Structure formats: C-alpha cells, structure tokens
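Here the structure is laid out as structure tokens; the discussion comes afterwards.
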Number of protein chains: 2
Amino acid sequence: MNTLELIKKNLDTFSKSERKVAEAILASPETAIHSSIANLAKMAEVSEPTVNRFCRRLDTKGFPDFKLHLAQSLANGTPYVNRNVNEDDGPEAYTSKIFESTMACLNTAKNGLDTNLINRAVDVLTQANKISFFGLGASSSVAHDALNKFFRFNIPVSCFDDIVMQRMSCINSSEGDVIVLISHTGRTKLLVEVAQLARENDAFVIALTEANSPLAEQSNLVLSLGVPEDTDVYMPMSSRIAQLVLIDVLTTGFTLRRGAKFRDNLKKVKVDIQDSRFEKTNDEDF
Amino acid sequence: MNTLELIKKNLDTFSKSERKVAEAILASPETAIHSSIANLAKMAEVSEPTVNRFCRRLDTKGFPDFKLHLAQSLANGTPYVNRNVNEDDGPEAYTSKIFESTMACLNTAKNGLDTNLINRAVDVLTQANKISFFGLGASSSVAHDALNKFFRFNIPVSCFDDIVMQRMSCINSSEGDVIVLISHTGRTKLLVEVAQLARENDAFVIALTEANSPLAEQSNLVLSLGVPEDTDVYMPMSSRIAQLVLIDVLTTGFTLRRGAKFRDNLKKVKVDIQDSRFEKTNDEDF
DNA sequence: TTCTTTTATGTAGTTTTATTTCATTTTCAG
DNA sequence: CTGAAAATGAAATAAAACTACATAAAAGAA
C-alpha cells in the first residue's frame, strides 16, 4: 500500500515521539526523502533511533529503505490520499483523481491477468472463421472499439449492440466462429442468454468479464480483469478502460501471431487513410 | 525524465566501466535500488567510485540520491525500458508493455491537461441546450462512450459516427447547442468541415484533439491531451484511452456542477438497471 | 612507432550516515 | 506511591558513501 497513506492511517498507533516523526514526514514528504536520518530527527525534534524505530514499524528494513518506499509512493503520483472524488473538489482535484485512479486500476488489471489465457484467446481468434463482438450499454463502445481494430485485419468480423441482432447472429453461427462477449459484471441476463445461444450453435465464446459470474460460467474462455468495483458511484469508468486495454492486448497478440507479411496489409490500410488528411500525419483516427 | 529510459538512452555516452554499471542496473533495477554501492559495484564488476561517478553523470547528488530517482521511475511502472512491442515478445511481455505504456500515456496526459479549460468545458456543457458527440472511425467509440455517459443526465444528447448525419445535425443546430468533436490528430478533413459547419450555425464547438491542428483552429474550445504519438505502428491505442478518461473527467465535472439533487436521478437510473441482472450487483454495464 | 597528455579506473583513507546497545526517563496498572 | 513495562535518547559501533590520490588505459602528437 501507498506509504503516505499508510502513515496517515496508522497515526494513532504510533507513540508520542513516533507521531512527531510521522507528522514531520507528512508535513513535507519531499523534504523527508532528501534528508538524512539526523536531519529528519532534528526536524521532528526526536532522536535518531526514534526515527529508525518509526521506519521499522512501517515494515521497512530501516531508514534508507523507508526513504525508498516513500519516494515510490510520491512518484506514484498519489498526492491524493483519498482518490475518490468529493463533492467539493475543484477541476484540478477531480481531474487528477480520475486519472490516478484509472492508472491504479490498470495496474491492478495488469497484475491480475492470466497471460496463458490471453495466449489461448489469441490462438482461438487467429484460427476463427468469423469473429463477433457483442456488448450491451456501456460495454457496446468497447465492442465497437474491438471491431474497429480487428476490421483492419481483413477477416470476417462483426459487432452488434442490439440484442436482437446478437441473437440472430448467434443462431447463424457454426463451428469455427468466435463470439467475444463484453460485460463488466457478467450478470446481464440478456447477454448470458446470448452466450448460451452461441454455444448451442457451436460457436466458441470468449468473455471479457468478471470471474465466476453467470456469464463466465457460460463461456468457453474467460478473460477476467480482477478490477475492483468502480469507485465512482454513478457509472462505470475505470473498469471499461481496462477492457479496452485488454482489447489492445488481444489485437497486438493477433498481429504478432500472424507474422510479418500480414503486417504489411495493415500499413497499406494506413497509407490509404492518410489521403483523407491534412498534410503531416503518421497517425490516424479511423 | 524517467531515469531508466535516461540510462538506456545515454548508454553510449558512458565509459566502458560506467556502461557496466548501467547494464547491471538495467538488468535488474529492483535489485539495484535495494543494494548498497559496494554491492552494486561488485555486481557490475567495477569499483565503488565508478558507481558513484556514474550516478553523478546522471545529474544526481550521489548514489543514495540516484537510488531515490530510480525508485521513483520504477514506481511509475516502467520495468520495460523499451515499451514498444517486439516481433518476438511473448504474451507476458506484450501484455505488460501495452498496459504500462497506456499508464505512462495517461500520466503524460494528466500532466499536460489544462484544468482551466476543463472547467470552462464543464461550464459550457452544463449550460448547453443540446450536446452532440461526433467522431469518425476509431474516435467514434469514444463518442459513443460519451453518449452513454451523458445520456444518463436526462438532457438532450446525441452521437453520430456517420458523416452525413453529423452534417445534418450541424445544419440544424443553433445557439446554445454544444458539439463535441473527437479526433486524435485533428487532421481529418471531413471532421474539420463539420466543425466549420457547426460554427456557422452558432453552435459551440469543443474539440478533443491535438493542439494547433486544423480542427483545433476551427473550434471554440480545445482540450488537447499532449499525448505522444502512438508508439504502435499499426493503430491508435493509448491516445484513445486518454480521450476516454478525459470524457470521464468531463462527466464527473458535469455531475459535480449539477449538485446533489441532480445526482439522485443517476441513482434512480442505476437501481432500475439492476432489475435486468442476476442477483448481487452494484455495478453496471449499461 | 614512442612519448606525452588526457581520461578512466581503482585503492585506501576519511567522512558521513545509519544502527545497535544500553542507560534513563516516562507511563500506567496495581 | 511503587514497580514493571514501554518509550526515548546518548553514546558507541557498524555500515555506507565519498574523496583524494595513484595507477592504468586510451588517445593524440611527433
């Protein structure tokens, strides 16, 4: 956990002198990491061993080790000990908080991913006759994004955010078809039914969803992000960002698997797009 | 700049022994920050003063200071000095790289944002009679995402990824209407024309795009992300993630601005959604 | 090449910094 | 109060980092 938060949280478990140290650090963490133990002791008006004991109480090896931890937690850009947005946050505050919590969320997602499963998903996708991406509501923009990416591979790919179209598409599917279902919770009834329908028609179902959810149980392969519930009360945020990055990962895996010759095709698409642009550009929106 | 990258970049400016130090650090940065200067010297098979000189060459005060810098750059999540995906990366490698570069990109975006402009954008949005989100190609999923969020506010909001619909919508717009245009490069000709059309019809144009681009020049307010060009050769990735987070920021600003009573409405929408779910859920996909 | 100059590197000693030990003070239950 | 336990700091010790200087290697000039 973030060292700065940890100190703040444990303020009342410290002894009198140790609290002085804690307060000196909280007052100016940047100074703390650039001070020697003697210096910090003087600032906190305690003795050096007290500072040392303080460091150990926080599960570090000693003062230098503590400084390292503290430096990392400062770098991690969490000046906001509480990352949730408050009623009275200004633009500066809520902007930082949202960016930071999104980054934290991606980090969690990264650590929670099973790369073996990703590899298998890439296997399945590269061998598919047809790929479909389905999502409902907020997840539909993730599905669209996936469509936009896989579309460039010049393989049969589709995307529906209409439940009826999704069902029809499933009914028409057959072995060799891959259906990617996107749902943060994995509990949307309609989408679980789509998964069942797809499997009844021999399609392979990959789910980007929560592990152990009803949708996960109906799927052949589950890529779960292990992302904590969205902290924001009102709508899904970070979790969907993580899904999008996962799509990027799958796309990249797909590209790599297909090899060099295949990648030339992508460049052609890109060059063509540039004609619709104003001068100077290597990038694209399409 | 990131210390790890800095080391890699300056590899050839170092002397022979100093390069040994650099390589020892790059080989295992985590070990490096937990070693004493003597230890690291041994690992790199050089003398202690050489390590010290190496540190100073990187503009640090000495070894402990260098460790601090290194620790911070590790915390920032960049074990992969080279963040670009290679031909021969395995799933483990490319997954990490993509997540990490996305996080790095968000960090850059965060630092480059002008919160005053965000605040103004929120102003404009809260006072709008009608809000439209337009994007083409890959940016259209960002627009959809925005629609999905603002839709909950129970205000007139629309989203088109069809250029004809976009133009028609602009022609029908009038003062008090806000049109949000999304384009990473800001150089897509058709979208620049849409911006012109919108302004001719007295709409207020907010652009999520690159500063100083043709689109930026045609807009009333530009939110530029200052995100580096996408490193991936084939398609836009991180930049669009940053745009999505920016949408989250605008949504949050909007919610906060509207005040507490307004937020009750959001909860109602959420509770209603839950009926379409399998038990246990506080989250949502819709 | 060979000698000179410059630069790079390491050894050993010095200084700074951190840690341990132990004596003193404080706290608090009985 | 009193005495055990905990907290604190002074001083000594140990560890780490740095400096000065000597030597070795490399580069350049004759």
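FYI, side chains are in, hydrogens and waters are out, and symmetry mates aren't considered; it's all heavy atoms of this structure. Below, chains carry the letters A, B, ... as their sequence lines are ordered, and counting in each starts from 1. This is a predicted model, so every value here is computed, not measured.
In this structure, NZ of B/Lys61 is placed 9 Å from P of D/dT19, rounded to the nearest angstrom. Note: NZ (B/Lys42) to C1' (D/dA16) measures 14 Å, nearest angstrom. Put simply, CZ on A/Arg19 is 10 Å from P on D/dT8, counting in whole angstrom units. One interatomic measurement links the two molecules: NZ of B/Lys67 to P of C/dT17, which rounds to 14 Å at whole-angstrom precision. Between the CG atom of A/Leu40 and the P atom of C/dA18 there is a distance of 10 Å, rounded to whole Å. The NZ-P distance, from B/Lys16 to C/dG10, rounds to 10 Å in whole Å. Atom CZ in B/Arg56 sits about 19 Å away from atom P in C/dT7, given to the nearest Å. Between B/Arg53 atom CZ and D/dA17 atom C1' the separation is 13 Å, expressed in whole Å.
For A/Ser15, no side-chain nitrogen or oxygen approaches OP1 or OP2 of D/dA7 to under 4.0 Å. OP1 and OP2 of C/dT9 both lie 4.0 Å or more from every side-chain N or O belonging to B/Ser47. Here B/Thr50 does not reach the OP1 or OP2 of C/dT9: none of its side-chain N or O atoms lies under 4.0 Å away. Dashed line: the shortest gap from a side-chain N or O of A/Asn52 to OP1 or OP2 of C/dA18 is not under 4.0 Å.
The side chain of A/Pro64 has C/dA18 as its nearest neighbour among C/dG10, D/dA17, C/dA18. Nearest nucleotide to the side chain of B/Glu48, out of D/dA17, C/dT19, C/dG10: D/dA17.
In this structure, A/Asn111 contributes its side chain and A/Asn107 its backbone to a donor-acceptor pair below 3.5 Å.
B/Val46 comes within 4.0 angstrom of the backbone, heavy atoms only, and of no base.
At a cut-off of 3.5 Å, with distance as the only test, a side-chain donor of A/Glu92 or B/Thr115 sits close to an acceptor on the other residue. Donor-acceptor pairing under 3.5 Å is lacking for the side chains of B/Asn52 and B/Arg57.
Between B/Phe54 and B/Phe14, the ring planes lie tilted relative to each other; the angle falls in the 30° to 60° range.
A salt bridge is absent between A/Arg19 and A/Asp12: the closest approach of a Lys/Arg side-chain nitrogen to an acidic carboxylate oxygen does not fall below 4.0 angstrom.
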